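Bear in mind the structure is a predicted one, so any value in this text is a computation, not a measurement.
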Amino acid sequence: SNQDADDQGREYSFTQYQSHTPDASIIMDSMFANDIKCVIYDRSKTYDGTEGELYSLKEDPGESVNLWDDPSYASIKKDMTDTIRKDLLARPLFHNHPIPGALI
């Protein structure tokens, strides 16, 4: 969360979530920075890789208004998605990706 990143003196923090079942596959890469949360849905059996979520946690702590397609947040979205792809996804994972369709 933003608070965790601030408490640890980090500029931003990342999270990654994966869920694979026979009917659906979800891989989400998230970044928290400057009271903004950005989530990228990776290409999978469920998503085509263009979807995501963007929230202003200061203005919307309950994350009820997705700003992903809001033109006024386009540059923030681009900066954050670029950072996720450059910094998070470029790192080796500490675990293997499960086989698509595997129950984990």
Side-chain angles (χ1 to χ4, degrees):
S1 73
N2 262 349
Q3 190 60 50
D4 292 335
D6 290 344
D7 291 347
Q8 297 172 18
R10 297 181 186 189
E11 184 178 344
Y12 47 79
S13 60
F14 295 118
T15 62
Q16 188 174 65
Y17 171 84
Q18 295 187 25
S19 176
H20 302 277
T21 69
D23 299 322
S25 180
I26 301 169
I27 304 167
M28 299 185 303
D29 304 303
S30 304
M31 176 181 173
F32 299 84
N34 302 316
D35 293 316
I36 302 288
K37 176 182 177 182
C38 180
V39 181
I40 297 173
Y41 288 81
D42 292 353
R43 186 176 180 172
S44 66
K45 293 190 310 185
T46 308
Y47 296 100
D48 68 16
T50 62
E51 303 89 350
E53 301 175 34
L54 190 70
Y55 300 102
S56 171
L57 300 175
K58 188 173 187 175
E59 296 173 16
D60 180 19
E63 301 176 18
S64 58
V65 179
N66 186 355
L67 303 168
W68 186 258
D69 294 319
D70 186 325
S72 64
Y73 282 84
S75 66
I76 292 171
K77 174 179 139 181
K78 181 181 181 339
D79 289 345
M80 292 183 83
T81 56
D82 287 351
T83 300
I84 290 170
R85 290 186 176 110
K86 182 180 123 246
D87 290 353
L88 173 65
L89 299 181
R91 298 175 189 202
L93 296 175
F94 295 107
H95 55 82
N96 294 327
H97 280 284
I99 299 168
L103 295 173
I104 59 172

Would you say M28 ends up clustered with Y55 if hydrophobic residues are merged whenever their side chains have heavy atoms under 4.5 Å apart, either directly or through other cluster members? no
Does any non-hydrogen side-chain atom of I84 lie less than 4.5 Å from one of F14? yes
Hey, could you give me the CD1/CG distance between I76 and L67, rounded to the nearest 0.5 Å? 9.0 Å
Pair listing, salt bridge (charged side-chain N to carboxylate O under 4.0 Å, His left out) test, anchored in residues 63-73, at least two apart: K37-E63
Excluding sequence neighbours, so at least two apart, what forms salt bridge (Lys or Arg N to Asp or Glu O under 4.0 Å) with K78? D82
Is there a side chain to side chain contact (heavy atoms under 4.5 Å, CB included) between C38 and T81? Walk through the geometry before answering. CA-CA 7 Å; C38 180; T81 56; 3.8 Å; yes
Distance-only, no hydrogens or angles: does the D35 side chain make a donor-acceptor pair with backbone N or O of K58 under 3.5 Å? no
Taking atom CD of E51 and atom CZ of R43, what is their separation to the nearest 0.5 Å? 10.5 Å
Donor-acceptor under 3.5 Å (S44 side chain, S25 main chain): yes
What's the spacing between D79 CG and I36 CD1 if we round to 0.5 Å? 11.0 Å
If hydrophobic clusters are built by linking Ile, Leu, Val, Met, Phe, Trp and Tyr wherever their side-chain heavy atoms come under 4.5 Å apart, do W68 and Y73 end up in the same one? yes
Working to the nearest 0.5 Å, report the span between CZ of F32 and CG of L57. 7.0 Å
ring-ring contact (aromatic ring centres under 6.0 Å, His included) contacts in which one or both residues fall within residues 34-53, not counting sequence neighbours: Y41-Y47
Please report the shortest heavy-atom distance between A33 and M80, naming the atom on each side. N-CE, 4.1 Å
Can you tell me how far apart OG1 (T15) and CG (D29) are? Round to the nearest 0.5 Å. 8.0 Å
Side chain to side chain contact (heavy atoms under 4.5 Å, CB included) assessment of I40 paired with R85: CA-CA 9 Å; I40 297 173; R85 290 186 176 110; 4.0 Å; yes
Where the side chain of N66 meets the backbone of G52, is there a donor-acceptor pair that is under 3.5 Å apart? yes
V39 versus S30, closest heavy-atom pair with distance: CG2-OG, 3.4 Å
Decide whether D48 and T50 meet the rule of one side-chain donor and one side-chain acceptor closer than 3.5 Å. yes
Taking the side chain as every heavy atom from C-beta outward, state whether Y17 and I27 have any pair of such atoms under 4.5 Å apart. no
